[in-house]
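What follows is a short report on a single structure.
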Amino acid sequence: MPARIPMQIGAIYHVINRGVEKRKIFMKPQDYSRFILGLYFFNDKNAKADIWTNLRSRRDKTLAVIGSRGYPGYPLAGDDTLIDKRERLVDLLAFALMPNHFHFIIREIKEGGTSSFMQKMCGYVRYFNQQYDRVGPLFQGRYKAVEIKDEGQLRTTFVYVHTNPVELKEPEWKDLKVKNAKNAINWLGHYRWSSYHDYVGNPTFPDVTQRDSFLKLYGGEKECRQAIDDWVLFKAENAQFDSRISE
């Protein structure tokens with residue numbers, strides 16, 4: 001589906017979509033894993049493989065290893081490093097998958113790259129409908145893309161995307177209220193379905209994202225972790241302040 005705004009080469013966008021009627025778009029670990037595989041395979045101008053319907057059923061642990069370590073067309077180097085032969089459509093800088101929506105941070109590197117990439121990713125609907133014996137649209141419409149215009153907005157979007165899973169434990173997270181910062185940060189450390197781990201030194205889906213820009217912006221993995229932790233701590237402090245005022 002085409003984006004609602006014309007995208008400029010070199011510009012960075014926060015891309016969002018959610019399930020129709022806010023329904024879940026990921027029901028089990030295999031769904032998340034298959035979608036993340038798509039983020040790798042279909043970020044390629046020449047991608048032809050149909051992982052939505054033709055990839056043989058595999059254990060979730062195997063699906064979570066991006067590149068499937070030996071998938072045809074994506075060979076390994078001798079040190080078990082994936083040889084990336086893709087002609088990428090976009091730089092996928094970060095992502096977070098939630099039960100009923102997803103967030104990407106994307107840099108446009110080819111004319112129409114984001115539109116082509118998102119269209120390829122829409123094949124997930126076919127996979128999902130086959131898995132759950134359903135018909136019809138899965139997403140609520142075309143995706144939303146918001147241009148990130150300055151460094152402050154870029155930093156805010158980075159921490160926003162990576163702290164999104166906190167909402168699963170702290171429902172008032174978006175209202176600047178986190179009741180237990182320690183538990184929230186611990187939860188982020190256990191939540192698999194984002195690029196968080198790859199940014200903080202615990203590679204989980206290292207072949208999916210292009211992380212050099214954010215690592216340079218923050219100064220390294222330790223600083224990326226600290227920025228995310230600080231965002232959670234700020235919301236926890238805000239919740240405590242509100243509580244004191246109401247007493």
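Only a predicted model underlies this, so the values are computations on that prediction, with no experimental measurement involved.
Tested against Phe35, the residues Phe102, Trp193, Phe205 include a single ring-ring contact (aromatic ring centres under 6.0 Å, His included) partner, Phe102. For the ring-ring contact (aromatic ring centres under 6.0 Å, His included) criterion with Phe158, the lone passing option out of Trp231, Tyr218, Phe104 is Tyr218.
Looking at Glu108, its side chain never comes within 3.5 Å of a backbone N or O of Gly10 through a donor-acceptor pair. Proximity of a side-chain donor or acceptor of Asp44 to a complementary backbone N or O of Glu87 within less than 3.5 Å is detected. Side-chain atoms of Asn164 do not come within 3.5 Å of backbone N or O of Val161 as any donor-acceptor pair. No side-chain donor-acceptor contact under 3.5 Å links Asn46 to the backbone of Arg86. Put simply, the side chain of His197 gets close to the backbone of Tyr191: a donor and an acceptor are under 3.5 Å apart. No donor-acceptor distance shorter than 3.5 angstrom exists from the side chain of Glu111 to the backbone of Ile9, with no hydrogens or angles considered. Asn43 contributes a side-chain N or O that, together with a main-chain N or O of Val90, makes up a donor-acceptor pair within less than 3.5 Å. A donor-acceptor contact shorter than 3.5 Å links the side chain of Thr163 to the backbone of Val159.
Around atom NZ of Lys45, no more than 12 heavy atoms belonging to other residues, nucleotides or ligands sit under 6.0 Å away. By the 6.0 Å contact criterion, NZ on Lys120 is enclosed, its count of non-hydrogen atoms from other residues, nucleotides or ligands being greater than 12. Residue-environment remark: CD (Gln131) exceeds the threshold of 12 foreign heavy atoms within 6.0 Å.
With hydrophobic clusters built from ILVMFWY side chains whose heavy atoms lie under 4.5 angstrom apart, Ile109 does not share a cluster with Met121. When hydrophobic clusters are built by joining Ile, Leu, Val, Met, Phe, Trp and Tyr residues whose side-chain heavy atoms come closer than 4.5 Å, directly or via intermediates, Ile12 is not grouped with Ile16. Placement of Leu37 and Met27 within a single hydrophobic cluster is found when ILVMFWY residues are connected by side-chain heavy-atom separations under 4.5 Å, directly or transitively. Under the 4.5 Å side-chain heavy-atom criterion for Ile, Leu, Val, Met, Phe, Trp and Tyr, Val20 and Tyr143 are members of distinct hydrophobic clusters.
A 4.5 Å side-chain heavy-atom check between Gln140 and His101 finds every atom pair outside the cut-off. Considering only heavy atoms from C-beta on, Phe214 comes within 4.5 Å of Leu154 through its side chain. Looking at heavy atoms from C-beta onward, Leu188 lies out of side-chain contact with Ser194 at the 4.5 angstrom threshold. At least one side-chain heavy atom of Ile148 sits less than 4.5 Å from a side-chain heavy atom of Ile105. For the pair Leu92/Arg88, no side-chain contact is recorded, criterion being any heavy-atom separation below 4.5 Å from C-beta on.
Annotation: the span from Gln8 atom CD to Glu147 atom CD amounts to 7.5 Å, rounded to 0.5 Å. Remark: Ser195 OG to His103 NE2 distance equals 12.0 Å, nearest 0.5 Å. In this structure, OH in Tyr127 is found 3.5 Å from CD in Gln30, a value given to the nearest 0.5 Å. Residue Thr209 holds its OG1 atom at 5.0 Å from CG of Asp198, rounded to the nearest 0.5 Å. Here the CD1-CZ distance, from Ile185 to Arg225, works out to 9.5 Å after rounding to the nearest 0.5 Å. We find the CG-NZ distance between Asp91 and Lys110 to be 10.0 Å, quoted to the nearest 0.5 Å.
Closest approach of Lys169 and Pro171 over heavy atoms only: O-CD, 3.5 Å. Contact detail for Ala184 and Val232: the closest heavy-atom pair is CB-CG1, 3.7 Å. Summarising the geometry of Pro206 relative to Arg211, their closest heavy-atom pair is O-NH1, 3.0 Å, with the distance given to 0.1 Å. Closest approach of Ala181 and Leu233 over heavy atoms only: CB-CD2, 3.7 Å. Between Met7 and Ala145, the shortest heavy-atom distance links the atoms CE-CB, 3.3 Å. The minimum heavy-atom distance linking Val208 with Leu39 is given by the pair CG1-CB, 3.9 Å.
Classification of the Phe139-Tyr124 ring pair by plane angle, with boundaries at 30° and 60°, yields tilted.
Residues Glu170 and Lys235 are not paired through a salt bridge, judged by the lack of any N-O separation under 4.0 Å between the basic side chain and the carboxylate. Taking 4.0 Å as the cut-off between side-chain N and carboxylate O, Glu151 and Arg155 count as a salt-bridged pair.
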Q: With side-chain contact (heavy atoms from CB on, under 4.5 Å) as the test, would you mind laying out the steps for Lys216 and Asp212 before giving the verdict?
A: CA-CA 6 Å; Lys216 182 178 180 180; Asp212 288 349; over 6 Å; no
**Q.** Full working for side-chain contact (heavy atoms from CB on, under 4.5 Å) between Asn202 and Glu221
**A.** CA-CA 9 Å; Asn202 182 28; Glu221 294 170 345; over 6 Å; no
Q: Kindly indicate, with the supporting measurements, whether the criterion side-chain contact (heavy atoms from CB on, under 4.5 Å) is fulfilled by Gln153 and His14.
A: CA-CA 10 Å; Gln153 187 181 1; His14 181 195; over 6 Å; no
Q) Run the side-chain contact (heavy atoms from CB on, under 4.5 Å) check on His162 and Cys224 step by step: do they pass? A) CA-CA 10 Å; His162 285 115; Cys224 285; over 6 Å; no
